[in-house]
Novice: 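Right, I'll just put the structure down here and ask away after.
Counting begins at 1 with the first residue of the sequence.
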Amino acid sequence: MVGCEGAIVASLLRRLCSGARSFPSGYARSASIRFCSTGKTYEKISHATIDRIIRVDHAGEYGANRIYAGQMAVLGRTNVGPVIQKMWDQEKAHLKKFNELMVTFRVRPTILMPFWNVMGFVLGAGTALLGKEGAMACTVAIEESIAHHYNNQIRTLMEDPKKYEELLQIIKKFRDEELEHHDTGLDHDAELAPAYTILKGAIQVGCRAAIYLSERI
C-alpha cells in the first residue's frame with residue numbers, strides 16, 4: 001500500500017512540475033464541489049472551465065498585490081500612500097478568497113508564479129518612480145484590463161448562472177472593486193503621467209499576455 005501511495009504522489013509531482021493539465025486518474029472532469037463556508041454545492045461543474053478561471057484569477061490577484069507592494073515601497077510615505085494602501089488592502093482580500101477557491105476546487109497555481117512575483121513588484125516600483133501619476137497610470141491600465149477580463153468570465157458563467165451562483169457573486173464583487181480602483185487612478189491624475197497613452201497601452205499588452213499564459217500553464 002505504501003508503495004502504491006508513493007507512486008501516486010510521484011506521478012502527481014511529475015505532472016505538476018511539467019505543467020501538465022490532465023487530471024489525476026479518477027478525478028472527474030464534471031463533479032460536485034461543496035463550499036465549506038456556505039454549504040453551497042456545485043453539481044456537475046465543468047472542471048476545465050473552473051480550473052482555467054480560478055488559476056488565472058489567482059495569478060492576477062497575486063500579481064496585483066505585488067504591483068501595489070512595489071508602489072508602496074516607493075510612495076508609501078507620500079500623501080498618496082494611504083490611497084494606494086486602501087486599494088492594496090482590497091487586493092489582499094481578493095487574493096485570500098482565490099487562495100480558498102484554489103483549495104475548494106483543487107486547482108493548481110500557474111507555474112509562472114515566481115515570474116509574476118518579480119515582474120509585478122518591478123512594474124509597481126518602476127511606474128511609481130515616475131511619480132504619483134505614473135503609479136496611478138499603472139493602476140488604471142491594470143484595473144481596466146482586469147475588469148474587462150472579469151466581464152468575459154461573467155459572460156461565460158452566466159451560461160448556467162444557477163450552477164455557478166456563488167462564484168459569479170465573487171467575481172462580480174471583485175470586478176466592481178477593480179473598477180473603483182480604476183476610477184481612483186483617474187481621480188489622482190493618472191492621465192498626467194509621462195506618455196500616458198503609450199504607458200497604458202504597453203502595460204495592457206503585458207496584461208493580456210499574462211492572462212493568456214496563466215490560463216494555460
Novice: For the atom pair NZ (K172) and CG (N151), what is the distance rounded to the nearest 0.5 Å?
Specialist: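 K172 NZ to N151 CG: 10.0 Å, rounded to 0.5 Å.
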
Novice: Between M102 and I211, is there a shared hydrophobic cluster once you connect ILVMFWY residues whose side-chain heavy atoms come closer than 4.5 Å?
Specialist: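 Cluster IDs for M102 and I211 differ.
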
Novice: Has the side chain of H149 got a donor or acceptor atom that lies under 3.5 Å from a matching backbone atom of S145?
Specialist: no

Novice: Count I, L, V, M, F, W, Y as connected when their side-chain heavy atoms are under 4.5 Å apart, and connections chain through other members. Are I84 and L192 then in the same cluster?
Specialist: no

Novice: Between L167 and M158, is there a shared hydrophobic cluster once you connect ILVMFWY residues whose side-chain heavy atoms come closer than 4.5 Å?
Specialist: yes

Novice: In the hydrophobic cluster built from side-chain contacts under 4.5 Å, what are the other members alongside Y196?
Specialist: V140, L186

Novice: For K92, which residues count as a side chain to side chain contact (heavy atoms under 4.5 Å, CB included) partner, sequence neighbours excluded?
Specialist: N65, Q85, W88, D89

Novice: Among the clusters formed by ILVMFWY side chains lying less than 4.5 Å apart, do M72 and I67 turn up in the same one?
Specialist: no

Novice: Other members of the hydrophobic cluster containing V118, with the 4.5 Å side-chain heavy-atom rule, please.
Specialist: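 Same cluster as V118: V122.
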
Novice: Contact between E178 and H94 at the side-chain level, heavy atoms closer than 4.5 Å - yes or no?
Specialist: yes

Novice: What distance do D189 atom CG and E191 atom CD have between them, rounded to the nearest 0.5 Å?
Specialist: 9.0 Å

Novice: Could you please spell out the steps behind the side-chain contact (heavy atoms from CB on, under 4.5 Å) verdict for L213 and T110?
Specialist: CA-CA 8 Å; L213 292 171; T110 173; over 6 Å; no

Novice: We want to know whether E133 and H188 form a side-chain donor-acceptor pair, criterion being a heavy-atom distance below 3.5 angstrom.
Specialist: no

Novice: Taking Q71 for the side chain and G124 for the main chain, is one N or O donor matched with an acceptor at less than 3.5 Å?
Specialist: no

Novice: Holding to side chain to side chain contact (heavy atoms under 4.5 Å, CB included), I want the full list of residues that pass it with L179, two or more places apart in sequence or in another chain.
Specialist: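 Residues passing side chain to side chain contact (heavy atoms under 4.5 Å, CB included) with L179: A147, R175.
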
Novice: Please determine if K97 and E61 form a salt bridge, counting it only when a charged side-chain N lies under 4.0 Å from a carboxylate O.
Specialist: no

Novice: Quick one about Q153 and D57 (side-chain donor to acceptor, distance below 3.5 Å, no hydrogens or angles considered), yes or no?
Specialist: yes

Novice: Just say parallel, tilted or perpendicular for the rings of F174 and Y150, cut-offs at 30° and 60°.
Specialist: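 Judged by the thresholds at 30° and 60°, the geometry between F174 and Y150 is tilted.
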
Novice: For the CE atom of M136 and the OG1 atom of T184, what is their distance to the nearest 0.5 Å?
Specialist: 7.5 Å

Novice: Taking a hydrophobic cluster as the set of Ile, Leu, Val, Met, Phe, Trp and Tyr residues connected by side-chain heavy atoms closer than 4.5 Å, whether directly or through intermediates, do V56 and I146 fall within one such cluster?
Specialist: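 Per the 4.5 Å side-chain linkage, V56 and I146 are not co-clustered.
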
Novice: If you round to the nearest 0.5 Å, how far is OH of Y68 from CZ of F121?
Specialist: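 Answer for the CZ-OH pair, F121 versus Y68, is 15.0 Å.
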
Novice: Yes or no on side-chain contact (heavy atoms from CB on, under 4.5 Å) for E177 and E91, after CA distance, side-chain angles and deciding distance?
Specialist: CA-CA 9 Å; E177 290 176 350; E91 298 295 350; over 6 Å; no

Novice: What's the separation between atom CG in L130 and atom NZ in K132, rounded to the nearest 0.5 Å?
Specialist: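 Nearest 0.5 Å value for the CG-NZ distance: 13.5 Å.
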
Novice: Indicate the atoms forming the closest heavy-atom contact of L75 with G131, along with that distance.
Specialist: CD1-O, 4.2 Å

Novice: If you compare all heavy atoms of I203 against all heavy atoms of C138, which two are closest, and at what distance to 0.1 Å?
Specialist: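 The answer is CD1-CA, 3.8 Å.
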
Novice: What distance do H47 atom NE2 and I54 atom CD1 have between them, rounded to the nearest 0.5 Å?
Specialist: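 Answer for the NE2-CD1 pair, H47 versus I54, is 9.5 Å.
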
Novice: May I ask you to establish whether R208 and Y212 are in a cation-pi arrangement, using a distance under 6.0 Å from NZ or CZ to the six-membered ring centre and at most 45° from the ring axis?
Specialist: no

Novice: Please lay out, stage by stage, how I170 and L101 fare under the test side-chain contact (heavy atoms from CB on, under 4.5 Å).
Specialist: CA-CA 10 Å; I170 291 169; L101 294 177; 4.3 Å; yes

Novice: Just to verify, what does R77 make a side chain to side chain contact (heavy atoms under 4.5 Å, CB included) with, not counting sequence neighbours?
Specialist: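 For R77 there are no side chain to side chain contact (heavy atoms under 4.5 Å, CB included) partners, ignoring immediate neighbours.
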
Novice: Within the side chain of R55, is there an N or O that forms a donor-acceptor pair under 3.5 Å with the backbone of V107?
Specialist: no

Novice: So T127 and L123, do their side chains get closer than 4.5 Å, heavy atoms only?
Specialist: yes

Novice: Let's go through E165 and L157 carefully: what are the C-alpha distance in whole Å and the side-chain angles of both, what is the deciding distance for side-chain contact (heavy atoms from CB on, under 4.5 Å) to 0.1 Å, and is it a yes or a no?
Specialist: CA-CA 8 Å; E165 179 182 357; L157 296 176; over 6 Å; no

Novice: Any side-chain hydrogen bond (donor to acceptor under 3.5 Å, both in side chains) pairs touching residues 111-121, not counting sequence neighbours?
Specialist: Y62-N117, R66-N117, W116-S214

Novice: Check whether the side chains of E143 and H182 place a donor and an acceptor atom closer than 3.5 Å, and report yes or no.
Specialist: no

